[in-house]
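The structure appears right after this line, and notes come after that.
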Amino acid sequence: MINDYLVYFQSLPPELTTALLASLPITELRAALPIALTFFDLNPYVAYVSSVIGNLAPLAFIYAILPRLITGATERIPALDKAMNQWFEKLEKQYGENYSKWGAFFLLLFVAIPLPGSGIWTGTVLAILFNVKRELAIPYLTMGVMIAGLLVLGLTQGVFAGLQLL
């Protein structure tokens with residue numbers, strides 16, 4: 001599947017292709033960065049910056065669209081609205097103001113760990129669903145992406161160095 005994307009994006013500059021691959025929910029930074037280093041032979045710094053910028057692009061899109069979709073769904077489905085309100089009230093009672101602050105920190109950890117399904121797309125959806133304040137969530141999500149990029153870069157560079165020893 002990734003080869004299909006690469007063929008489609010082949011006519012674009014490698015930095016832009018890397019950013020586009022990083023913005024897709026299927027590849028995100030976790031695949032885009034190694035592809036940039038191996039397939040496009042980009043400088044590690046350029047590959048990192050292109051991947052991080054591309055991976056952060058969906059953040060604004062998700063924040064612009066998902067809250068509206070949730071509002072529309074809760075207006076049309078009263079049972080969903082009631083269930084979500086009860087859920088948020090329970091979270092607020094249980095955790096109070098600390099919930100939003102620590103929720104943002106756990107988002108950082110969630111996004112920073114470079115595992116499949118733990119990227120910016122899922123992290124942003126979780127921030128919206130768990131009602132983490134946007135002014136806290138966005139910086140923490142951004143830091144998570146940057147940390148994930150450094151981890152993926154380090155792992156990728158380490159694997160390449162190890163393979164050269166063979």
Side-chain angles (χ1 to χ4, degrees), residues 2 5 15-38 40 42-71 73-74 80 83-162:
I2 293 174
Y5 288 129
E15 298 83 2
L16 181 58
T17 303
T18 300
L20 288 172
L21 285 172
S23 70
L24 297 173
I26 296 169
T27 51
E28 289 205 41
L29 178 139
R30 285 123 177 92
L33 187 52
I35 289 170
L37 294 169
T38 58
F40 300 129
L42 284 178
N43 172 297
Y45 176 76
V46 173
Y48 173 80
V49 170
S50 299
S51 296
V52 168
I53 290 171
N55 201 210
L56 290 173
L59 188 68
F61 170 76
I62 297 167
Y63 263 111
I65 302 296
L66 188 59
R68 291 180 187 168
L69 289 175
I70 292 171
T71 301
T74 55
L80 178 63
M84 288 186 75
N85 284 333
Q86 288 174 344
W87 185 40
F88 288 132
E89 286 174 16
K90 180 182 175 186
L91 289 174
E92 188 64 35
K93 276 183 186 177
Q94 239 176 344
Y95 302 106
E97 187 62 31
N98 286 332
Y99 173 76
S100 187
K101 189 182 301 178
W102 286 106
F105 177 72
F106 285 114
L107 285 172
L108 178 143
L109 292 177
F110 179 78
V111 173
I113 299 170
L115 295 172
S118 68
I120 193 74
W121 283 84
T122 309
T124 307
V125 169
L126 290 174
I128 292 168
L129 289 177
F130 286 108
N131 213 17
V132 177
K133 293 179 185 173
R134 187 182 301 193
E135 54 273 1
L136 281 174
I138 291 175
Y140 279 85
L141 288 167
T142 302
M143 286 187 286
V145 167
M146 294 170 76
I147 292 168
L150 291 173
L151 290 172
V152 171
L153 181 64
L155 288 170
T156 306
Q157 294 294 87
V159 168
F160 291 156

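Hydrogens, waters and symmetry mates are skipped; everything else that's a heavy atom, side chains included, is used.
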query = Quick one: CG on Leu33 to CD on Gln157, what's the gap to the nearest 0.5 Å?
reply = 8.0 Å
task = Show the numbers, then the answer: is there a side-chain contact (heavy atoms from CB on, under 4.5 Å) between Leu29 and Val52?
result = CA-CA 7 Å; Leu29 178 139; Val52 168; 3.9 Å; yes
query = Can you name the closest pair of heavy atoms from Ile120 and Val145 and give their distance?
reply = CD1-CG2, 3.6 Å
Gly123 versus Leu107, closest heavy-atom pair with distance = O-CD2, 3.4 Å
inquiry  = If you compare all heavy atoms of Pro139 against all heavy atoms of Arg134, which two are closest, and at what distance to 0.1 Å?
reply    = CD-O, 4.2 Å
Mind listing the side-chain donor-acceptor pairs of residues 55-66 below 3.5 Å, one per line with the distance, residues two or more places apart or on another chain?
| residue | atom | partner | partner atom | Å |
| --- | --- | --- | --- | --- |
| Asn55 | ND2 | Ala22 | O | 2.9 |
| Asn55 | ND2 | Glu28 | OE1 | 3.2 |

task = Would you check if the side chain of Thr27 reaches a backbone N or O of Leu21 as a donor-acceptor pair within less than 3.5 Å?
result = yes
note = Here the pair of heavy atoms bringing Arg30 nearest to Leu115 is NE-O, 3.4 Å
task = With rounding to the nearest 0.5 Å, note down the distance linking CG in Leu109 to OH in Tyr140.
result = 10.0 Å
query = Ignoring hydrogens and geometry, is there a side-chain-to-backbone donor-acceptor pair from Ser118 to Pro114 under 3.5 Å?
reply = no
key: Leu141 side, atom CG; Leu108 side, atom CG - distance, nearest 0.5 Å   = 8.0 Å
query = Taking all atoms of both residues into account, what is the closest heavy-atom pair of Leu151 and Ala112, and its distance?
reply = CD1-O, 3.4 Å
task = Write down the atom of Trp121, the atom of Leu24, and the distance for their closest heavy-atom approach.
result = NE1-C, 3.8 Å
key: Whether over 12 other heavy atoms sit under 6.0 Å from Met146 CE   = no
task = State the OG1-CZ distance between Thr17 and Phe40, to the nearest 0.5 angstrom.
result = 4.5 Å
ask   = Can you find a pair of side-chain heavy atoms, one from Phe110 and one from Thr122, that are under 4.5 Å apart?
value = yes
